[in-house]
Amino acid sequence: MSARTDLKDPLLFGKDPAERIVAVHPLFNRASSRGAQVRVYRRLPGDGGIVEEDESCFPFFFLSDISLLKGFARDRFRFQELNGDGYYRFLIAFASWSSYWDALRHLDQSTDKEVRRAQYAYVVAGTAQQYLMQSGRTSFKDMAFEDLHRMQLDIETYTEQEFSNPRRPGDRIILIALHDNRGWSHVIDGRDLDEAAMIREMVRIIRERDPDVVEGHNILGFDFPFIVERARRCRIELRIGRDESVPRTFRTSIRFAERAVDYTAFEIAGRHVIDTYFLVLAYDVVKRNMPGYGLKAAARYFGFAAEDRTYIAGSEISRVWREDPERLIRYALDDVIDTERLARHLSGSAFYLAQMVPIPYGQASRTGPAAKIESLFVREYLGRKESLPRSERGTQSIGGYTDIFFTGVVGPIVYADVESLYPSIMLNYDVRPESDRLGLFHDILQRLTELRIRAKTAMKEAGNDDVRGELDARQSSYKILINSFYGQLGFSQAIFNDFSEADRVAQIGQDLLRTIILEIANGGGKVIEVDTDGVFFVPPTESTGREAEANFIERLNATMPPGIRIGFEGRYKKMLSYKKKNYALLGYDDRLTYKGSSLMSRSNERFGRRFVREAIRRLIDEDVAGLHELYLRTRDRIARHDWDSVEAFSRSETLKESVDQYRSDVERGRRPKAASYELAMQRAEKTGRSVQKGDRVTYYVVGQAHDVTAFENCRLADEWNPSEPDENSAYYLRRLDDFAQKFEPFFKPHEFRLIFSPEDLFGFSPEGIAVRSHERPLDAVLAESPAHAGASRSETPDR
DNA sequence: AGCTGTGGCAGGGAGG
DNA sequence: CCTCCCTGCCAC
């Protein structure tokens with residue numbers, strides 16, 4: 001009797017809405033007669049104890065052609081043919097993990113020429129996820145965030161050098177601070193114990209306290225790698241898994257908008273690892289206004305750093321440990337407390353996503369939204385025994401419509417934007433990927449939209465802050481999913497992609513925006529700048545004031561097709577319109593906000609950002625004398641080396657490639673040399689700490705001439721000595737002129753030269769100099785507009 | 001194994 | 001000088 005026959009069928013395993021599953025862990029190396037196994041951890045209600053059970057399961061993948069497994073032992077798998085004529089028509093299930101991995105290797109080997117595994121097999125990502133998918137279950141059902149037992153961890157290390165390095169014999173762990181959300185904390189003190197005993201104590205405590213989640217700030221980039229290396233040297237096994245197993249580690253990477261971060265993932269059986277550093281990076285992708293990503297900067301930014309907390313600079317830690325160890329202990333404890341608050345503040349949406357989507361919490365917090373949506377589709381297709389499509393090849397070609405019709409200073413300003421433009425189009429114009437034969441795209445999107453509206457309504461009615469916070473986290477996790485439906489259409493590797501549908505959505509969006517522009521103009525408004533789903537405009541004089549502006553927008557709404565709603569997003573006293581995606585707004589509270597990389601980019605020197613900021617203020621106030629005075633003052637300070645610190649003129653850049661990649665690209669002439677990488681390599685040489693992709697390098701320019709080649713004349717910022725300033729003043733004076741150049745369009749040429757020049761021989765007079773503006777007619781919009789373009793275009797908004 | 005997209009601006013290096 | 005190409009950063 002084959003042991004396999006009593007395995008639960010992955011396709012038929014029932015759903016249970018209230019399992020309170022805290023974690024699921026695949027058991028890879030069990031030579032079990034019951035096939036592949038996973039261990040499931042459930043939290044009991046009430047006292048919150050944990051029960052663990054082993055369950056059998058099939059690991060599986062989808063395959064387009066069963067004959068690709070020819071030659072692979074038939075008794076090691078079984079297959080099920082799926083309904084439909086989609087591409088992946090077979091579900092291949094295995095009795096053990098080793099057979100699963102062997103089969104994947106077999107596919108790689110048997111498919112040498114045009115056949116490649118990536119094209120013919122769809123591997124369901126994440127092993128624990130595979131189990132959850134086949135069972136139809138997800139984590140944390142019926143649980144609140146506070147039901148989780150979360151532990152925070154922070155280590156302090158000792159070094160005689162600039163940076164601590166776990167591979168250097170003299171460097172070591174001196175403190176391990178632990179804390180949890182149940183009001184417990186503990187410090188393992190390096191004065192009482194040697195390093196090996198400290199690590200053993202940490203393992204013992206983690207097992208005894210038994211947290212569901214381990215949190216830390218940059219825990220994957222620093223604390224865990226350091227502990228792993230020191231434990232290896234002390235020959236200690238880190239048996240911190242719920243089943244006393246050691247953590248599984250693997251190199252991987254995560255993307256935050258344009259930035260990729262390589263790191264070593266760290267998986268603890270039965271627990272979830274949350275790195276608050278990643279949560280902060282993800283948060284700032286949307287906000288883009290955080291001054292820094294360190295724990296202290298983040299805690300201050302969110303406003304929950306204790307006022308009397310202890311601060312110690314990284315370079316001071318070893319000295320403080322020698323001179324005042326109690327102070328270092330207080331510092332480490334303050335750190336774990338901040339980490340707990342940061343995690344609580346930023347984890348909500350991943351927690352609620354983990355309740356919806358068959359992806360474990362720890363993984364959900366580090367994977368993007370596209371993978372989450374796809375898992376919903378796959379789960380449902382699988383549940384209905386339908387085959388899955390193969391992704392389409394190609395690219396999307398159309399994006400949002402951006403334009404500018406006026407540059408200069410203007411006001412008052414109204415900002416109107418289409419609420420949820422792309423989701424609204426997808427719901428109201430019957431958008432769906434051609435491959436989605438079950439039509440889930442529309443249904444899931446609609447359902448998520450309804451859930452979000454319900455959560456937002458409930459949030460507004462909620463009386464208590466905790467409830468409101470929870471509902472806000474819920475609605476924002478719905479929003480994340482809703483917004484990535486569009487991205488999924490144009491994503492080359494999504495299995496339900498459809499590039500022509502992505503283009504259709506963008507095109508309809510462009511057409512709607514053009515219609516709105518013309519309607520605003522027809523109503524007497526003056527359109528300044530538009531981008532994708534929003535319009536800045538000056539309302540007609542009879543329609544100024546909050547109420548009249550709202551009414552004006554309501555009249556616009558009457559001209560919109562069903563399901564498309566324009567919202568009143570903001571009103572401003574004045575606007576400086578500079579270029580597409582680049583402008584400044586003066587609010588009725590007299591606060592200035594800046595948008596766009598050309599006006600306000602983190603890669604610009606701080607003195608330049610400040611100059612631009614203050615110049616815009618004067619420009620908006622039409623203060624020409626002030627502008628000239630600002631230029632002279634800034635110029636003078638540069639010439640006199642009058643800096644608050646090196647940060648005022650240094651430049652910071654993020655390394656987006658590995659150093660190896662950079663070097664080979666340069667050798668092959670694929671890219672020019674760059675100061676940031678050259679300095680990063682120097683620094684690595686000096687400190688012995690290797691450069692990581694995503695590291696930031698801060699440097700300044702030396703030499704004499706204003707046009708020196710930067711990579712040959714650069715220095716790391718911390719090498720600058722204020723008593724012997726060696727920065728290249730000619731270069732920084734030229735940079736000032738680069739910044740001033742931005743204001744050239746706002747003046748007549750000779751006036752511009754007078755304002756932004758040091759030559760004051762005849763005295764400077766602002767007399768008669770006014771801020772100029774430029775206007776562009778709406779002709780181009782008119783020509784492209786669907787309502788006016790005649791029969792050349794054939795888009796009838798179906799239904 | 002993982003990984004949403006297009007549009008836009010600025011700066012640096014390389015080569016005409 | 002100028003243009004071209006690449007990267008980095010940003011808006012949505």
Side-chain angles (χ1 to χ4, degrees), chain A residues 61 101 104 117-118 122-127 129-130 250-263 265 284-286 288-289 359 363 366-374 395-404 417-418 421-422 480-481 483-494 497 499 502-503 505-506 509-510 513 529-534 578-583 594-605 608 651-657 662 665-666 669-677 696 701 707-712 714 734-735 738-739 741-742:
Chain A
F61 54 70
W101 297 116
L104 285 180
R117 186 230 284 180
Y122 179 70
V123 179
V124 184
T127 43
Q129 181 185 343
Q130 292 171 4
F250 51 96
R251 293 294 298 169
T252 180
S253 72
I254 183 169
R255 265 188 64 186
F256 296 98
E258 69 275 353
R259 156 186 332 194
V261 180
D262 285 337
Y263 67 100
D284 200 46
V285 166
V286 183
R288 289 204 182 261
N289 62 358
I359 297 179
Q363 198 179 321
R366 47 169 219 265
T367 57
K372 294 180 179 112
I373 296 207
E374 190 162 288
T395 52
Q396 181 183 341
S397 57
I398 304 179
Y401 171 50
T402 306
D403 215 336
I404 186 164
D417 75 347
V418 182
L421 175 66
Y422 288 167
I480 291 169
L481 290 182
N483 285 338
S484 22
F485 267 70
Y486 166 68
Q488 145 133 325
L489 287 176
F491 178 33
S492 56
Q493 287 162 66
N497 58 3
F499 302 112
D503 282 343
V505 173
Q510 291 207 4
L513 200 63
E529 201 243 27
V530 302
D531 190 351
T532 310
D533 61 355
Y578 177 50
K579 290 185 175 178
K580 290 177 184 178
K581 296 176 192 281
N582 287 274
Y583 54 85
Y594 308 84
K595 294 282 182 181
S597 63
S598 132
L599 296 179
M600 221 29 71
S601 168
R602 276 181 221 183
S603 66
N604 285 342
E605 298 87 342
R651 182 191 288 244
S652 288
E653 271 171 42
T654 309
L655 308 184
K656 297 215 302 189
E657 298 291 344
Y662 165 77
D665 281 355
V666 169
R670 254 186 45 77
R671 68 171 292 170
K673 285 189 172 185
S676 48
Y677 286 89
R696 278 177 81 75
V701 174
D707 58 352
V708 293
T709 307
F711 74 83
E712 287 166 340
C714 54
R734 199 215 72 204
R735 286 291 293 148
D738 291 344
F739 289 118
Q741 197 61 38
K742 295 181 194 303

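Hydrogens, waters and symmetry mates play no part in the numbers below; they use all other heavy atoms, side chains included. Convention: sequence-line order gives letters A, B, ...; per-chain numbering from 1.
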Taken in chain and number order and not counting sequence neighbours, the residues that satisfy ring-ring contact (aromatic ring centres under 6.0 Å, His included) with A:F491 are none

Hits for ring-ring contact (aromatic ring centres under 6.0 Å, His included) against A:Y677, two or more places apart or cross-chain, chain-then-number order -> A:Y662

- Query: Side chains of A:D403 and A:K580: does their closest heavy-atom pair fall under 4.5 Å?
  - Reply: yes

- Distance below 4.0 Å between A:Y677 side-chain N/O and B:dG13 OP1 or OP2: no

The side chain to side chain donor-acceptor pair (under 3.5 Å) partners of A:Y594 (sequence neighbours excluded) come to none

Contacts of A:T402 meeting side chain to side chain donor-acceptor pair (under 3.5 Å) (sequence neighbours excluded), chain-then-number -> A:D531

What is the nucleic acid contact for A:S484, judged by heavy atoms within less than 4.0 Å: base, sugar-phosphate only, or nothing? nothing

Separation of C:dC12 atom C1' from A:D531 atom CG, nearest Å, is 5 Å

In short, side chain to side chain donor-acceptor pair (under 3.5 Å) pairs touching residues 483-493 of chain A with sequence neighbours left out are A:Q396-A:Y486

By ring-ring contact (aromatic ring centres under 6.0 Å, His included), A:Y263 pairs with (sequence neighbours left out) A:F278

- Message: Distance check, P atoms only: C:dC12 and B:dC3, in whole angstrom units.
- Response: 26 Å

Here DNA chain B, pairs taken as Watson-Crick or G-U under 3.5 Å and shown with ( ), [ ] when crossing and | when to another strand, reads ....||||||||||||

Residue set satisfying salt bridge (charged side-chain N to carboxylate O under 4.0 Å, His left out) with A:E605, at least two apart, ordered chain then number -> A:R651, A:R735

Sorted by chain and number, sequence neighbours left out, salt bridge (charged side-chain N to carboxylate O under 4.0 Å, His left out) with A:D417 holds for none

Check your understanding: Taking only side-chain nitrogens and oxygens of A:R602, does any of them come within less than 4.0 Å of OP1 or OP2 of C:dC10?
Key -> yes

- Task: Would you tell me if any nitrogen or oxygen in the side chain of A:R651 comes within less than 4.0 Å of OP1 or OP2 on C:dG8?
- Result: no

OG1 of A:T367 to CD of A:E374, rounded to nearest 0.5 Å, is 11.5 Å

Listed pairs, N/O of protein and of nucleotides 3-5 of chain C, under 3.5 Å:
none

With sequence neighbours left out, the residues meeting side chain to side chain donor-acceptor pair (under 3.5 Å) with A:N604 are none

Contact list (N/O, under 3.5 angstrom) for nucleotides 6-9 of chain B vs protein:
from  : atom 1 : to     : atom 2 : distance (Å)
B:dT6 : OP1    : A:Q396 : O      : 3.2
B:dT6 : O3'    : A:G399 : N      : 3.1
B:dG8 : OP1    : A:K580 : NZ     : 3.1
B:dG8 : N2     : A:S597 : OG     : 3.1

